Amino acid sequence: MATILVTGGAGYIGSHTVVELVKAGYEPIIFDNFSNSKPAVLARLHKITGKNIPFYSGDIRVREQLEKVFDENKIDAVIHFAGLKAVGESVKKPLEYYDNNVNGSRTLLMVMRDKGCKNFIFSSSATVYGEPDSVPLTENSPVKRANCPYGQTKIDVEYMAEELQKACPDFSVTLLRYFNPVGAHESGLIGEDPRGIPNNLMPYLTQVAVGRLPYLNIFGNDYPTPDGTCIRDYIHVVDLALGHVAALNKLMNVPGVHIYNLGTGIGYSVLDMVNAFSKAIGHELPHKFAPRRAGDVVQCYADPKKAFEDLGWKALKTLEDMTADSYNWQKNNPQGYED
Ligand code: NAD
Ligand code: UD1
């Protein structure tokens with residue numbers, strides 16, 4: 001079976017993808033520098049899969065560290081999750097974000113090209129669409145200049161990989177644009193473990209639910225939506241992980257640039273999420289209305305048809321699954337992974 005290098009495989013989406021790769025018969029190798037994850041995840045992955053997943057500690061910006069992996073293994077494909085992802089931090093540290101995300105990806109692509117590995121799957125984001133002109137978003141919706149350095153690094157890496165594919169036509173480049181990943185593995189052994197106060201909605205909700213934070217601030221209730229709060233396409237991280245398996249199954253060694261939205265196609269408002277979460281925990285989740293957050297788009301959800309037609313993939317898990325699994329993870333690990 002094919003060997004897959006998973007950069008950022010110790011992180012939230014990477015770790016869930018490693019589990020699904022093993023289940024599908026692939027042999028993942030994790031490469032991570034733990035800048036936003038903890039080594040404890042490796043033992044959890046062993047517990048879930050029953051396998052010792054090969055692991056390299058390294059930084060994608062360091063060519064020799066990547067070369068070592070390619071020299072010691074025959075890598076058939078790379079799924080590239082490694083990157084920094086905090087929007088606010090990227091505004092304060094733009095050069096660090098371009099260095100990590102863009103230079104890191106460039107180094108990885110150079111090593112792949114030089115070592116003859118031609119299958120590249122990249123974690124892109126719906127953020128490349130900016131404020132949508134219309135929803136649902138298809139893969140042909142316009143890509144707009146990002147309003148923060150994080151978003152721009154996603155656009156830059158998409159373009160860089162596309163240009164490489166033009167220059168090396170036997171490359172298979174797959175750009176997966178994720179909508180809003182939430183949830184956790186049903187075992188409660190792996191999940192999202194942000195450092196510090198969470199920026200994103202779901203980890204904030206779960207931390208309020210376990211009493212780590214007092215209440216949720218809902219950013220804005222005067223948007224032009226049915227209940228006044230913003231609308232997003234929340235997708236269970238296990239469905240998202242399976243999207244990567246589907247992409248590998250169908251697109252490995254298929255030259256070209258392949259772009260897919262990975263979302264459910266359903267838009268939920270912030271209040272929908274609070275209500276679903278309140279149901280899951282059996283009482284109303286404490287929340288307050290607060291001013292709008294700068295840079296938020298009003299509504300963003302996918303048209304996921306292309307992924308279904310081409311890859312046979314669609315998200316299967318419900319909003320109840322997303323809230324129950326997020327809560328289960330946080331309950332079992334109130335402080336996240338141990339150090
Ligand atoms: P994460 O922070 O949990 O995982 C990223 C992993 O990459 C971490 O384990 C981190 O230690 C590692 N990493 C970062 N820089 C590295 C480097 N230079 N060398 C080696 N390892 C490095 O994030 P995630 O939520 O799992 O996201 C994975 C990818 O998906 C990211 O590229 C992110 O931008 C993208 N994405 C995430 C979301 C989301 O909401 N979570 C949405 C769209 C796209
Ligand atoms: C954010 C990023 C986006 C990134 C995505 C995934 C911003 C402006 N956008 O998107 O670039 O691709 O994460 O990492 O940061 N909310 C609250 N209270 C909270 C947290 C969130 O009301 O404490 C609301 C937000 O206003 C938004 C919704 O919940 O309406 C979802 O927020 P979030 O989880 O941060 O995701 P995005 O805004 O979609």
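Computed over heavy atoms, backbone and side chain alike; hydrogens, waters and symmetry mates excluded. Counting starts at 1 for both ligands and their atoms, following the listed order. If you're wondering where the values come from, they're calculated on a predicted model, not measured in any experiment. For this chain, numbers begin at 1 and follow the sequence in order.
- Between Phe55 and His46, the ring center distance fails the sub-6.0 Å criterion.
- In terms of protein heavy-atom proximity, atom 5 (C) of ligand 1 is closest to Gly83 O, 3.9 Å.
- At a heavy-atom distance under 4.0 Å, only side-chain atoms of Tyr150, from C-beta outward, approach ligand 1.
- In this structure, the side chain of Asn200 does not engage the main chain of Met202 through any donor-acceptor pair within 3.5 Å.
- Under 4.0 angstrom from ligand 1, the non-hydrogen atoms of Asn100 all belong to its side chain.
- At the top of the distance list for atom 25 (O) of ligand 1, counting protein heavy atoms only, stands Lys85 NZ, 2.8 Å.
- No N or O atom of Ser124 sits closer than 3.5 Å to an N or O atom of ligand 1.
- In terms of protein heavy-atom proximity, atom 16 (C) of ligand 1 is nearest to Asn33 OD1, 3.4 Å.
- Put simply, the residue from Ile235, Val182, Asn180 that forms a side chain to side chain contact (heavy atoms under 4.5 Å, CB included) with Leu240 is Ile235.
- Asp233 places a side-chain N or O within donor-acceptor distance of the main-chain N or O of Gly265, the cut-off being under 3.5 Å.
- In this structure, the protein non-hydrogen atom closest to atom 2 (O) of ligand 1 is Asn36 ND2, 2.7 Å.
- Ligand 1 has no nitrogen or oxygen under 3.5 angstrom from a nitrogen or oxygen of Ser125.
- The side chain to side chain contact (heavy atoms under 4.5 Å, CB included) test with Thr138 singles out one residue from Pro136, Ser134, Ser141, and that residue is Ser141.
- Through direct or indirect side-chain contacts shorter than 4.5 Å among Ile, Leu, Val, Met, Phe, Trp and Tyr, Leu84 is connected to Val87, Tyr97, Tyr150.
- Looking only at protein heavy atoms, the nearest one to atom 6 (C) of ligand 1 is Gly8 CA, 3.6 Å.
- Here the heavy atom of the protein found nearest to atom 26 (O) of ligand 1 is Ile13 N, 2.8 Å.
- Annotation: His80 places no N or O atom under 3.5 Å from an N or O atom of ligand 1; distance criterion only.
- Inclusion of Phe31 in the set of residues having an N or O under 3.5 Å from an N or O of ligand 1 is not warranted.
- In terms of protein heavy-atom proximity, atom 28 (C) of ligand 1 is closest to Phe81 O, 3.5 Å.
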Problem - Audit row: Asp296, Arg232, salt bridge (Lys or Arg N to Asp or Glu O under 4.0 Å) steps and yes/no - result: CA-CA 11 Å; Asp296 270 343; Arg232 297 287 183 275; 3.8 Å; yes
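- Of the candidates Asp32, Asn33, Asn73, Asn73 is the only one forming a side-chain hydrogen bond (donor to acceptor under 3.5 Å, both in side chains) with Tyr56.
- Within the structure, the closest approach of Asp59 to ligand 1 falls below 4.0 Å when heavy atoms are considered.
- Heavy-atom distances between Gly58 and ligand 1 reach below 4.0 Å in at least one pair.
- For the residue pair Leu45 and Ser15, the shortest heavy atom distance occurs at CD2-O, 3.5 Å.
- Taking 4.0 Å as the cut-off, Glu192 does not count as a neighbour of ligand 1 on heavy-atom distance.
- Looking at ligand 1, you won't find any N or O of Tyr178 less than 3.5 Å from one of its N or O atoms.
- Considering only non-hydrogen protein atoms, atom 12 (C) of ligand 1 sits nearest to Asp32 OD1, 3.3 Å.
- Heavy atoms of Ala10 come nearer than 4.0 angstrom to ligand 1 in at least one pair.
- Geometrically, ligand 1 and Ala82 share no nitrogen or oxygen pair separated by less than 3.5 Å.
- For ligand 2, the 4.0 Å heavy-atom shell contains residues Val87, Ser125, Thr127, Tyr150, Asn180, Asn199, Asn200, Leu201, Tyr204, Leu216, Asn217, Ile218, Phe219, Cys230, Arg232, Tyr234, Val270, Arg293, Gly295, Asp296.
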Practice task
Verify salt bridge (Lys or Arg N to Asp or Glu O under 4.0 Å) between Glu139 and Lys305, making sure each step is shown before the conclusion.
Solution key: CA-CA 10 Å; Glu139 290 78 357; Lys305 207 166 47 227; over 6 Å; no
Handout entry: Full working for salt bridge (Lys or Arg N to Asp or Glu O under 4.0 Å) between Asp99 and Lys93
Key = CA-CA 10 Å; Asp99 181 39; Lys93 297 180 173 175; over 6 Å; no
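- Taking the ring centroids of His244 and Tyr26, they lie at or beyond the 6.0 Å cut-off.
- The shell of residues lying under 4.0 angstrom from ligand 1, judged by heavy atoms, excludes Ser15.
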Hey, can you pull the donor-acceptor pairs under 3.5 Å for the side chains in residues 188-195, sequence neighbours left out?
| residue | atom | partner | partner atom | Å |
| --- | --- | --- | --- | --- |
| Asp193 | OD2 | Tyr337 | N | 3.1 |
| Arg195 | NH1 | Ser35 | O | 3.1 |
| Arg195 | NH2 | Ser37 | O | 3.3 |

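- For ligand 1 and Ile60, the ligand atoms under 4.0 Å from any heavy atom of the residue are 17 (C), 18 (N), 19 (N), 20 (C).
- Looking at ligand 1, you won't find any N or O of Leu84 less than 3.5 Å from one of its N or O atoms.
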Show me the side-chain donor-acceptor pairs of residues 170-177 shorter than 3.5 Å, one per line, residues at least two apart or across chains.
| residue | atom | partner | partner atom | Å |
| --- | --- | --- | --- | --- |
| Ser172 | OG | Leu251 | O | 2.9 |
| Ser172 | OG | Val254 | O | 3.2 |
| Arg177 | NE | Glu158 | OE2 | 2.9 |
| Arg177 | NH1 | Tyr129 | OH | 3.0 |
| Arg177 | NH2 | Glu158 | OE1 | 2.8 |

Practice task
Output, in order, the C-alpha distance, side-chain angles, deciding distance and verdict of salt bridge (Lys or Arg N to Asp or Glu O under 4.0 Å) for Lys306 and Glu309.
Solution key: CA-CA 5 Å; Lys306 186 177 175 219; Glu309 285 172 359; over 6 Å; no
